[in-house]
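Atoms within each ligand, like the ligands themselves, are counted from 1 in listed order.
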Amino acid sequence: MKILGSGHYAPHTIVTNDDLSKIVETNDEWISTRTGIKTRHISDGEEASDLAAKASIEAIEDAGISAEDIDMILLATMTPDAMLPNCASTVQKKIGATNATCFDINAACSGFLFALNTANAYLVSGMCKTILVIGAETLSKATDWSDRSTCVLFGDGAGAMIVTADDSKAFCSVSGSDGSKGSVLTGAATPLKNMLVNSDETGKEIANYYMQMDGQEVFKFAVTKVPECINQVVEKAGKAVEDIDLFLLHQANVRIISSVAKRLKVADHKFPVNLDKYGNTSAASIPILFDELRKSGKLDDVNRVVLSGFGGGLTWGATYIEL
Ligand code: UT7
């Protein structure tokens with residue numbers, strides 16, 4: 001797989017830690033030291049498809065193609081505009097990619113990685129030639145703004161890549177899920193209401209609408225699973241950890257990223273971070289980071305990259321790519 005172009009977009013309104021300290025009992029010191037987050041972008045009306053379309057238009061221009069050249073749009077999100085139509089189809093309409101087959105992928109913070117793996121499978125099979133892969137989230141609408149343990153963590157944004165088949169560039173992935181631990185990170189339950197049952201009456205599902213997280217369990221899972229799957233993918237690619245130029249991890253918490261670097265015995269500078277500006281944007285975090293690095297020239301001398309996502313499901317994965 002070859003990455004032809006990339007783009008990203010985040011809503012213009014920036015919310016600081018001090019802003020949050022006015023709505024919940026928190027402070028900049030706690031948020032900065034526990035997470036590394038300083039600010040996040042919050043939508044003042046744009047939906048996930050709006051963010052995704054803006055990131056995609058930038059990626060299309062960067063790739064030097066036209067929207068009609070795209071034969072598939074894969075959009076990773078857990079906060080789509082609606083259940084129907086799927087968000088990828090809404091993006092198709094907004095960018096004029098009339099020849100694309102469109103569908104969404106929901107694997108929370110691993111979503112972009114799984115979408116990229118799916119794109120690779122379609123390219124390898126010959127079913128598609130040019131695929132737009134997007135991660136886009138409006139997590140602000142799934143956030144309980146009265147819960148200080150979660151509301152300080154998340155942000156809105158989108159990142160996109162245009163990919164095509166290229167035999168000269170290796171692509172290798174490992175991934176997994178553990179549904180038995182799904183309850184540590186939940187949200188957006190839809191009440192079952194039909195002719196037989198009205199679960200609104202219990203109020204249970206409504207309480208579950210917003211994201212709820214057992215932060216420490218997710219933290220422990222991330223710092224063990226991520227190094228494990230990175231080691232696996234590097235071995236599968238026939239490389240050593242030292243051969244990897246950059247590790248682009250899902251941006252959830254700077255302490256998770258440092259811990260992974262330490263466990264792999266790799267210097268911190270090989271793990272770029274931008275969560276200080278964006279917070280945790282779930283499926284959007286890896287493509288936003290990739291595009292920022294690419295546009296600032298920091299990928300110019302980079303060849304071997306490992307991407308790694310982890311989160312709700314539980315889900316995890318690592319993918320080796322060559323630029
Ligand atoms: O995208 C993938 C999913 N998410 C993650 O990867 C997140 C993984 N988990 C984490 O990053 C961390 O567990 C958190 C940042 C969420 C929390 O950090 P922690 O060091 O695990 O803190 P904690 O939950 O143990 O809370 C410590 C204290 C508690 O007070 P007491 O009980 O010690 O008095 C909390 O009530 O900090 C309190 N606290 C806060 N204080 C100020 C929790 N949230 C806040 C807050 N401001 N925003």
Side-chain angles (χ1 to χ4, degrees), residues 15-40 76-79 105-114 135-140 142-157 159 175-178 181-188 210-230 248-261 263 271 273-276 278-289 307-318:
V15 173
T16 65
N17 292 344
D18 286 338
D19 292 334
L20 290 177
S21 71
K22 292 175 190 135
I23 61 167
V24 287
E25 201 181 325
T26 190
N27 55 72
D28 176 52
E29 208 256 329
W30 192 96
I31 303 170
S32 303
T33 53
R34 299 272 176 152
T35 70
I37 298 164
K38 287 286 194 186
T39 61
R40 68 286 292 145
T77 187
M78 59 173 171
T79 48
I105 289 180
N106 178 357
C109 306
S110 308
F112 182 81
L113 203 75
F114 290 7
E137 301 283 11
T138 44
L139 296 175
S140 58
T143 297
D144 178 351
W145 290 98
S146 65
D147 174 10
R148 69 175 184 174
S149 70
T150 54
C151 77
V152 301
L153 303 175
F154 301 107
D156 299 335
S175 59
S177 303
D178 182 0
K181 304 233 172 67
S183 61
V184 301
L185 187 39
T186 58
Y210 294 115
M211 283 185 285
Q212 292 176 337
M213 179 169 67
D214 182 338
Q216 291 188 355
E217 278 305 310
V218 179
F219 195 98
K220 277 189 263 169
F221 148 74
V223 298
T224 47
K225 209 44 142 173
V226 173
E228 189 183 304
C229 67
I230 290 178
L248 306 190
L249 266 53
H250 165 51
Q251 302 283 297
N253 185 322
V254 75
R255 291 190 293 133
I256 293 178
I257 296 173
S258 301
S259 167
V260 172
R263 282 169 195 238
F271 288 75
V273 166
N274 67 359
L275 61 84
D276 51 321
Y278 296 99
N280 178 346
T281 57
S282 189
S285 78
I286 292 175
I288 293 176
L289 180 62
L307 314 173
S308 180
F310 52 92
L314 296 171
T315 56
W316 63 88

Restricting to heavy atoms, the pick from M211, E29, E217, Q216 nearest atom 25 (O) of ligand 1 would be Q216
So which heavy atom in the protein is nearest atom 22 (O) of ligand 1, and how far is it from that ligand atom?
R34 NH1, 3.3 Å
Considering only heavy atoms of H250, which atoms of ligand 1 have at least one such atom less than 4.0 Å away?
1 (O), 2 (C)
Over all atoms of both residues, closest heavy-atom pair of D28 and K38
OD2-NZ, 3.3 Å
Taking E137 for the side chain and A284 for the main chain, is one N or O donor matched with an acceptor at less than 3.5 Å?
no
Given the rule in the side chain to side chain contact (heavy atoms under 4.5 Å, CB included) test, do L153 and M213 qualify, once you have shown the distances and angles that lead to the verdict?
CA-CA 11 Å; L153 303 175; M213 179 169 67; 3.3 Å; yes
Proximity of T150 to ligand 1 by residue part, where a heavy atom lies under 4.0 Å
neither
Short version for I256: what comes under 4.0 Å of ligand 1, heavy atoms counted, is side chain
For atom 36 (O) of ligand 1, what's the nearest protein heavy-atom neighbour? Residue, atom name and distance, please.
R148 NH2, 3.0 Å
What atoms of ligand 1 come closer than 4.0 angstrom to any heavy atom of F219?
8 (C), 9 (N), 10 (C), 11 (O)
Determine whether any heavy atom of A222 lies closer than 4.0 Å to an atom of ligand 1.
no
Contact (N/O only, under 3.5 Å) between T26 and ligand 1
yes
Please report the interatomic distance CD1(I230) to CG(L307), rounded to the nearest 0.5 Å.
9.5 Å
May I ask whether atom 44 (N) of ligand 1 is less than 4.0 Å from at least one protein heavy atom?
yes
Is atom 10 (C) of ligand 1 in close reach of the protein, with a heavy atom under 4.0 Å away?
yes
Which atom of T35 lies closest to which atom of L275, heavy atoms considered:
O-CD1, 3.3 Å
Test item: H250 and N280 side chains (from C-beta on) under 4.5 Å apart, heavy atoms
yes
Going by an N to O cut-off under 4.0 Å, is there a salt bridge joining R40 and D156?
no
R148 (side chain) donor-acceptor with V24 (main chain) under 3.5 angstrom:
no
Under 4.0 Å from any heavy atom of M213, which atoms of ligand 1 are there?
3 (C), 4 (N), 7 (C)
Answer yes or no for atom 33 (O) of ligand 1: protein heavy atom present at a distance under 4.0 Å?
no
At what distance is the nearest protein heavy atom to atom 8 (C) of ligand 1, and which residue and atom is it?
G215 O, 3.5 Å
Answer yes or no: does an N/O atom from N27 fall short of 3.5 Å to an N/O atom of ligand 1?
no
Nearest protein heavy atom to atom 13 (O) of ligand 1: under 4.0 Å?
yes
Is there a protein heavy atom at a distance of less than 4.0 Å from atom 29 (C) of ligand 1?
no
Taking atom 5 (C) of ligand 1 as the reference point, the nearest protein heavy atom with its distance
V218 CG1, 3.6 Å
Tell me the protein heavy atom at minimum distance from atom 37 (O) of ligand 1, and give that distance in Å.
W30 NE1, 3.2 Å
